[in-house]
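Read the structure below first, then the notes.
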Amino acid sequence: MKRIRFGLCCLFISEPIKFKTIRYSYFSKLSKQEQIEKIDKTILWNLDSLEKALLFCRNNGIGCFRITSTFLPLFTHPKIKYDIKDLPHYKEIKTKFSKNKIFSKSNNIRLTLHPDQFTVLSSPKPEVIKNSINNLMYHAYLSNLLDVDVINIHIGGAYGEKKSAIKRFEKNFRILPSDIKDKLTIENDDIIYTPSDLLPLFQKYNIPLVYDVHHHRCNPDEMSINEASVKAYRTWNREPVFHISSAKNDSLQKSHSDYIKTEDFPTIWKKMAPLTVEVEAKSKELAVLDLIKKIY
DNA sequence: AGCGGTCAAGTTGAT
DNA sequence: ATCAACTTGACCGCT
């Protein structure tokens, strides 16, 4: 029987593997030369960290890794414009990108991206839409450097009326470049958009649904977990991605707990492989390994 | 070395 | 009104 592919999200808690970023307030005080060097150094560091992360995943049976959005630091900051071609170690950077890409491919480690909360295609504010599309273009660019096949986002706010917010999302989705559209997926969230709200976007535009079962429990609709799992599964033209997490303190709290409780893992998922399940838990790689042990 | 304040960006609900 | 939560604390400046 085929096994589920489990995914680790961005960070490690126990392994000495860290990704770096740069803060604009500090960056802006540097000279032009120092700025270039700082970006160059940070990207090289992140590429080395990714290499370690992928090695850890391979050695520990973790089949998917989500890459942090700050991998190329400050890339989408409105006051900064840089091209990796202009960096002092461009050749080395390029080589490291392709090394990581080949390693993940040959070891069957899937890579995903999850743009942060500032990416909102349903906003009524043109400035927010502009920034969101810019941010998605960055993620598409990064996804090409590393062969990422999933760029997953939420719909965003409701602004008092879900229906018109979804309409704005659709309008903005339609104008996206196709290399973003081909990888973009949407996820049900814990307060506003349920799987039922999002399935029509698959029917209209073939947008796959990343089914988050914890969010579905916090923010339910008329569908059962089994029904939502099956329907979400069918929205995918590639291996589906689902999310698992456990609530902290047993309550229907939003924040994630350290580990995943066995009873929170839908039993039907075990019969659904091939399937990627990204594990969202504070204890990171320890939680993924713990869950794999519990499930298999 | 350790600690506290701060960080580009959106939106919501709890307090 | 403030703040934590969200895929994630990390980073800088001060002591």
Side-chain angles (χ1 to χ4, degrees), chain A residues 7-13 15-30 34 38 41-42 45-46 49 53 64-81 111-139 142 148 150-162 165 168-169 172 185-193 210 212 214-215 218-219 241-245 247-249 251-258 276-285 287-288:
Chain A
L8 169 62
C9 300
C10 308
L11 304 177
F12 291 79
I13 187 171
E15 287 301 301
I17 302 171
K18 299 258 179 239
F19 294 90
K20 295 199 179 190
T21 183
I22 305 172
R23 294 214 316 236
Y24 181 73
S25 56
Y26 160 74
F27 182 82
S28 60
K29 288 180 211 149
L30 303 176
E34 289 168 326
K38 182 79 179 168
K41 237 174 76 188
T42 305
W45 171 279
N46 285 345
S49 294
C64 172
F65 185 69
R66 181 189 299 172
I67 298 163
T68 177
S69 288
T70 59
F71 198 87
L72 301 180
L74 294 173
F75 199 83
T76 55
H77 192 285
K79 294 197 177 129
I80 297 170
K81 198 157 174 63
L111 299 175
T112 70
L113 286 167
H114 196 348
D116 45 42
Q117 60 270 37
F118 310 109
T119 308
V120 186
L121 291 177
S122 65
S123 176
K125 299 175 201 157
E127 191 63 23
V128 174
I129 299 299
K130 194 179 134 240
N131 291 341
S132 297
I133 293 175
N134 188 35
N135 205 11
L136 285 172
M137 293 190 17
Y138 157 64
H139 282 85
L142 182 58
V148 174
V150 172
I151 299 174
N152 180 45
I153 61 171
H154 292 283
I155 300 295
Y159 312 90
E161 208 206 338
K162 261 199 228 185
R168 282 194 299 273
F169 178 93
N172 291 317
T185 67
I186 48 178
E187 176 185 348
N188 61 304
D189 64 68
D190 54 353
I191 47 176
I192 302 168
Y193 296 98
V210 170
D212 187 311
H214 173 57
H215 290 165
C218 298
N219 180 24
V241 178
F242 289 179
H243 286 180
I244 184 85
S245 59
K248 213 178 182 110
N249 312 329
S251 58
L252 273 190
Q253 285 280 302
K254 292 198 261 176
S255 76
H256 292 149
S257 68
D258 298 341
T276 296
V277 175
E278 291 187 314
V279 179
E280 297 177 338
K282 298 275 183 217
S283 291
K284 295 294 162 191
E285 79 276 19
V288 180

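Note that the structure is predicted; figures quoted are calculated from it, not measured. Quick note on labels: first sequence line is chain A, next is B, and so on, each numbered from 1.
No engagement by A/Asp189 is indicated, since no non-hydrogen atom pair under 4.0 Å with the nucleic acid exists. The residue A/Gln117 sits close to a base: some heavy atom pair falls under 4.0 Å. Backbone-only engagement by A/Lys125 is indicated by non-hydrogen atom pairs under 4.0 Å involving sugar-phosphate atoms exclusively. Here A/Ile192 lies in heavy-atom contact (under 4.0 Å) with sugar-phosphate atoms only. Residue contacts for A/Lys38: at a heavy-atom cut-off of 4.0 Å it reaches the sugar-phosphate backbone alone, with no base atom in range. Heavy atoms of A/Cys9 sit nowhere under 4.0 angstrom from any nucleic acid atom.
A sub-4.0 Å separation between OP1 or OP2 of C/dG9 and a side-chain N or O of A/Lys282 is present. Listed pair A/Tyr159 / B/dT11 meets the phosphate criterion, a side-chain N or O lying under 4.0 Å from OP1 or OP2. Applying the 4.0 Å criterion to OP1 and OP2 of B/dT11, one finds that A/Ser123 has a side-chain N or O inside that range. Distances shown here put a side-chain N or O of A/His154 below 4.0 Å from the OP1 or OP2 atom of C/dT7.
Side-chain atoms of A/Lys29 lie closest to C/dG13 of the nucleotides C/dC11, C/dG13, B/dT11. Side-chain atoms of A/Thr21 lie closest to C/dC11 of the nucleotides C/dC11, C/dC12, C/dT7. Checking B/dA9, C/dA10, B/dT12 against every side-chain atom of A/Lys18, the shortest atom distance belongs to C/dA10. Listed nucleotides C/dC11, B/dA8, C/dT8 differ in distance to A/Lys20; the shortest reach to its side chain belongs to C/dC11. The side chain of A/Pro124 has B/dT11 as its nearest neighbour among C/dT7, B/dT11, B/dA9. Side-chain proximity of A/Leu11 to C/dA10, B/dA8, C/dC12: nearest is C/dA10.
Applying the Watson-Crick and G-U wobble criteria (two distances, each under 3.5 Å), C/dT8 pairs with nothing in any strand. With a cut-off of 3.5 Å on both pairing distances, the Watson-Crick or G-U wobble partner of B/dC3 is C/dG13.
When each of A/His215, A/Arg66, A/His114 is checked for a side-chain hydrogen bond (donor to acceptor under 3.5 Å, both in side chains) with A/Glu280, only A/Arg66 meets the rule.
Between A/Asn219 atom CG and B/dT12 atom P the separation is 13 Å, expressed in whole Å. Taking atom CG of residue A/Leu136 and atom C1' of nucleotide B/dA9, one finds them 13 Å apart after rounding to whole Å. Atom CD1 of A/Ile17 and atom P of C/dT8 are 18 Å apart (whole Å). For A/Ile80 and B/dA8, the CD1 to C1' distance is 9 Å, given to the nearest whole Å. Rounded to an integer number of Å, the gap from CZ of A/Phe12 to P of C/dT7 is 19 Å. To the nearest angstrom, P of B/dA8 lies 16 Å from CG of A/Asn134. What separates NZ of A/Lys41 from C1' of C/dC11 is a distance of 13 Å, to the nearest Å.
Stacking is found between A/Phe118 and the pyrimidine-like six-membered ring of the B/dA9 base under the 5.5 Å centre-distance and 30° plane-angle cut-offs.
Side-chain atoms of A/Ser25 and base atoms of B/dA8 include no donor and acceptor less than 3.5 Å apart. Between the side chain of A/Arg23 and the base of C/dC11, a donor-acceptor pair under 3.5 Å is found.
Salt-bridge formation is not detected for the pair A/Arg168/A/Glu161: no Lys NZ or Arg NE/NH1/NH2 atom is positioned less than 4.0 Å from an Asp or Glu carboxylate oxygen.
Taking each heavy atom of A/Phe12 and A/Glu285 in turn, the nearest pair found is CA-OE1, 3.2 Å. Taking each heavy atom of A/Tyr159 and A/Ala165 in turn, the nearest pair found is CD1-CB, 4.1 Å. The shortest heavy-atom contact between A/Ile191 and A/Asn219 is C-ND2, 3.4 Å. Listed here is the closest heavy atom pair of A/His243 and A/Asp212: CB-OD2, 3.3 Å.
The residue among A/Glu187 and A/Tyr26 whose nearest nucleotide of DNA chain C is located toward the 5' end is A/Glu187.
Using atom P as the reference point in both C/dA5 and C/dA10, the two lie 16 Å apart (nearest Å).
Between the side chains of A/Asn135 and A/Thr119, at least one donor-acceptor pair of N or O atoms lies under 3.5 Å.
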